[in-house]
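Below: one structure, written as structure tokens.
Chain letters run A, B, ... following the sequence lines, proteins first, then strands; residues in each count from 1.
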Amino acid sequence: MSDRPAETRILDFSEVDSGITAEEAVAEATRCLQCKKPACSSGCPVGIDIKGFIRCIEGEDFRSAIAIIKESNMLPAICGRVCPQEVQCEGECILGVKDKPIAIGALERFLADWERENGIVVPAVAAKRSEKIAIVGSGPAGLTAAAELARNGFSVTLFEALHDAGGVLIYGIPEFRLPKEIVRSEIEEVKRLGVEIKTNHLVGRSLPVDELLSYDAIILATGAGLPAFMGISGEHQIGVYSANEFLTRVNLMHAEAFPQYDTPVKIGGNVVVIGGGNVAMDAARVARRMGAEVTLVYRRRREDMPARRIEVHHAEEEGIRFLTCTNPTKILGEGTVTGVCVVSMNMCELDDSGRPAATPIPGSERIIPADVVIEAIGQSPNPLLIQMIDGLIREKKGNLKVDESGRTTIPKIFAAGDVATGAATVILAMGAAKVAAESVTRMLSEE
Amino acid sequence: MYRVTSARSLAENVFETWIEAPHVSKNAEAGQFLVLRIGEDGERIPLTISGVRGDLVRVIFMAVGTTTKKLAGLKTGDTILDVVGPLGKPSETHHFGSCVLVGGGVGIACLPIIAKALKASGNTVIGIIGARNKDLLILEDEMREVCDELIVTTDDGSYGIKGFAAGPLKEICETRPPNAVWVIGPAIMMKVTSGATKPFGIKTFVSLNPIMVDGTGMCGSCRVVVNGETRFACVDGPEFDAHLVDFDLLMSRQRFYHPEEKESVEHHHHAGGCGCGGRH
């Protein structure tokens, strides 16, 4: 992997990691031990034959290598970039015990990029079947389920409320981590399998529930789009954003290029980001690229941050200031933000999430200046459609109740991704989508 | 792509545009809105659906910002890149008995579709429509057609009753109190006018118009405070109980991008996007 230097990459939105060359890919592949019982594949939520594609790279047969990946994963250019390989395939690699594990993510990305440059081969599709399937939401779970079911011969319609397909891949993850051209290219491939994508359709409104229920099977893949707010005083002032809004304005609407693009976003000199997950890192790094001094405030320790290590590392390299063990208590200003009042936190014994419970230290309150505050403290499933369908049951955190096959409490409605699990990763959503798609195929084949 | 099927000016700087968008028109109900984006570089803006006819939906708007100015420049046959809707909860248009619908300025555009739905539920509907002066008054004929009674006010007295709409509304509350009232217009007008029904304890709805991005509950840009609770106007509204809305916060948040809105209009003006041909 080759990261562009931090001081130049914060000047633009181009990709941080420029990928590896064919020579580097082959050299890396030759390090693979080709284990008899490969642990890497068992660490992959979509079960890619990793050993198999690495062997093809070693033999410089890139065409066969990418075909092996696409047997299991139709979005390899995306996964190669945003999967947390360190806790999945690469985390399981036996070489990692004494040395560096095989850079499986980099190899996957290399193959996907190679194919995009050398001509994409669309996988074969099974004989056409008569059943119609509706998938709601075109993020990673929706796209994966759509691709799987289209390959199985079903007629698949994918509904998207926004004007662009891709869900969080488009509105959430910034260009420098996942170029939108790559997302669009992989979505084109899904379309070439025969999937019809209807953008600008908010299911439940543009398509009433009774029409949705007329499909033979339905997969809800509506994600976790509802932003949480801290509920502290001052957070409705001018200058306070949810990370969702801030990122959507930039990633989807191109506010970074205002006024060439019509959507504005506030930046100012000092931006305070609240949170320690990947979304917080994304928001901080976008703000940095727009010229702000960025402080990231997180209530626990650095090692407790749910963000990927690499994202924390990249953020730090890019000059994001970390204030850990610190919690905001109120946002200051008289209509427009001027600062954030924060308090230091004491780390006590582990709580039920296995992380230390954080409690405020009396007398440690202080003010940090801010022109913009971005709250990135989590998202939950958007309840809009779920509430309209009688018989769906939600768990405590708002996510849909599903069984191990992805089935909800209504027999022909399945769910996959963040709507079923709560906010998680792209690849876990894709894994769940494959399970749901298999369940749908089985259900419709048994009837 | 969604085709503009007709476009005309209703008053100075106020425009009426019909757009072909069957997925919106088929399911649209009174009180709902749509979000549109004119072109690739455009922003998403919410507009109330003010009429439906077959595959067509109508929007009525004042050309004040970049997008509304661009929209005002579209003619029959031009296209809009994206239209999503219907969004938001429909108005509560069940049987109340007698209802008063109050519209101020371009807010009058929201009323006919609500009036029709209320009439269909067997209500008596009194309309009160107000504008700064006679030339700025819109939809008088249409309102007269759908209401049992229509009162017109102008601030300067150039037509109808001189003064604000709150005057006749208060009088109706005193002499023949209605069962439900809608007040729709600029935030300050909704705040002041809905104050008239409060002493009478009459159920009053307002349609809030905060800044939105997606319009589907995803960003929180449109958050408003109602009865002390944070609500999203796009999915929890846009209509709320007028007597519980924090209007001052709404007005403050509507000013979020005032400097940027000015900058954007300037930018497009110099780029020739205003269509003035250099006359201004």
Side-chain angles (χ1 to χ4, degrees), chain A residues 159-164 167-168 171-172 198-208 211 222-229 231 235-249 252-255 257-266 334-336 375 379 382-385 387, chain B residues 2 21-24 26-28 32 34-45 65-67 70 81-88 213-225 230 232 234-235 246 248-250 252-253 255-261 263-268 271:
Chain A
F159 294 97
E160 168 56 49
L162 288 174
H163 56 255
D164 260 349
V168 73
Y171 76 73
K198 285 193 170 179
T199 54
N200 293 323
H201 276 67
L202 181 66
V203 174
R205 296 278 186 221
S206 318
L207 181 86
E211 280 181 47
T222 47
L226 185 74
F229 286 93
E235 70 184 351
H236 298 317
Q237 295 184 86
I238 293 177
V240 185
Y241 290 104
S242 71
N244 263 11
E245 179 182 358
F246 180 76
L247 290 170
T248 299
R249 282 182 178 271
L252 179 71
M253 306 306 299
H254 295 290
F258 177 85
Q260 276 71 44
Y261 282 79
D262 295 341
T263 303
V265 73
K266 297 270 186 202
E334 286 173 16
T336 300
E375 294 191 20
Q379 299 93 235
N382 189 330
L384 188 68
L385 174 60
Q387 286 168 349
Chain B
Y2 304 88
H23 68 304
V24 182
K26 217 168 82 184
N27 303 298
Q32 292 186 301
L34 53 79
V35 163
L36 60 80
R37 185 178 74 132
I38 294 173
E40 280 296 340
D41 54 0
E43 61 181 336
R44 296 168 63 99
I45 64 156
T66 293
T67 304
K70 282 184 186 175
L81 189 55
D82 297 293
V83 180
V84 57
L87 303 174
V213 183
D214 61 291
T216 64
M218 200 189 84
C219 79
S221 170
C222 68
R223 60 193 189 273
V224 291
V225 170
T230 300
F232 289 181
C234 67
V235 289
D246 183 342
D248 295 336
L249 180 69
L250 172 71
S252 164
R253 286 186 63 79
R255 289 191 292 270
F256 205 116
Y257 296 104
H258 263 191
E260 289 82 3
E261 281 160 14
E263 186 188 345
S264 179
V265 168
E266 284 280 301
H267 170 80
H268 284 282

With sequence neighbours left out, which residue pairs that include part of residues 215-225 of chain B fulfil the salt bridge (Lys or Arg N to Asp or Glu O under 4.0 Å) condition?
-> none
Partner chain B: residue of A:Thr336, A:Leu202, A:Leu384, A:Thr199 with the largest heavy-atom pair count (under 4.5 Å) | A:Leu202
Heavy-atom distances under 4.5 Å only: say whether A:Gln237 touches chain B with side chain, backbone, both or neither.
-> backbone
Output the distance between atom CD (B:Glu261) and atom CD (B:Glu266), rounded to the nearest 0.5 Å.
-> 13.5 Å
Without swapping roles, check the side chain of A:Asn382 against the backbone of A:Gly223 for a donor-acceptor pair under 3.5 Å.
-> no
Check each atom of B:Val224 against the heavy atoms of chain A and say whether the ones under 4.5 Å are side chain, backbone, both or neither.
-> neither
Counting N and O atoms only, with roles assigned by atom type, does the side chain of A:Thr248 sit under 3.5 Å from a partner on the main chain of A:Asn244, one being a donor and the other an acceptor?
-> yes
When the 4.5 angstrom heavy-atom criterion is applied to B:Thr66 and chain A, the contacting part is side chain
A:Tyr241 and B:Tyr257 aromatic ring geometry - parallel, tilted or perpendicular at 30°/60° bounds | tilted
Turns out that what part of A:Lys266 lies under 4.5 Å from chain B's heavy atoms comes down to both
Does the side chain to side chain contact (heavy atoms under 4.5 Å, CB included) test come out yes or no for A:His163 and A:Met253, once each step is laid out?
-> CA-CA 10 Å; A:His163 56 255; A:Met253 306 306 299; 3.6 Å; yes
In short, A:Phe159 meets A:Leu207 closest at the heavy-atom pair CZ-CD2, 3.8 Å
Residues in side chain to side chain contact (heavy atoms under 4.5 Å, CB included) contact with A:Leu162, at least two apart in sequence or another chain | A:Glu160, A:Tyr171, A:Leu252, B:Arg44, B:Asp214, B:Met218
Structural part of A:Ser206 lying under 4.5 Å from a heavy atom of chain B = both
Do A:Asp262 and B:His267 have side-chain N/O donor and acceptor atoms under 3.5 Å apart?
-> no
Residue from B:Ala28, B:Ser221, B:Cys219 scoring the most non-hydrogen pairs under 4.5 Å with chain A is B:Cys219
Where on A:His236 is there a heavy atom nearer than 4.5 Å to chain B: the side chain, the backbone, both, or neither?
-> both
Could you tell me which portion of B:Pro259 (side chain, backbone, both or neither) has an atom closer than 4.5 angstrom to a non-hydrogen atom of chain A?
-> side chain
Which bit of B:Glu40 comes within less than 4.5 Å of chain A, counting heavy atoms only: side chain, backbone, both or neither?
-> backbone
Can you say whether A:Glu375 sits under 4.5 Å from chain B via the side chain, the backbone, both, or neither, judging by heavy atoms?
-> neither
Which residue out of B:Ser252, B:Ala21, B:Gly39, B:Pro86 racks up the most heavy-atom pairs below 4.5 Å with chain A?
-> B:Pro86
If you count heavy-atom pairs under 4.5 Å between each of B:Ile45, B:Thr230, B:Asp248, B:Asn27 and chain A, which one has the most?
-> B:Asn27
Measure B:Val24 against the heavy atoms of chain A and call it side chain, backbone, both or neither at under 4.5 Å.
-> neither
Spatial distance of atom OG1 (A:Thr263) from atom CZ (B:Arg37) [nearest 0.5 Å] | 8.5 Å
Ranking B:Gly42, B:Gly65, B:Pro22, B:Gly215 by heavy-atom pairs under 4.5 Å to chain A gives rank one to B:Gly42
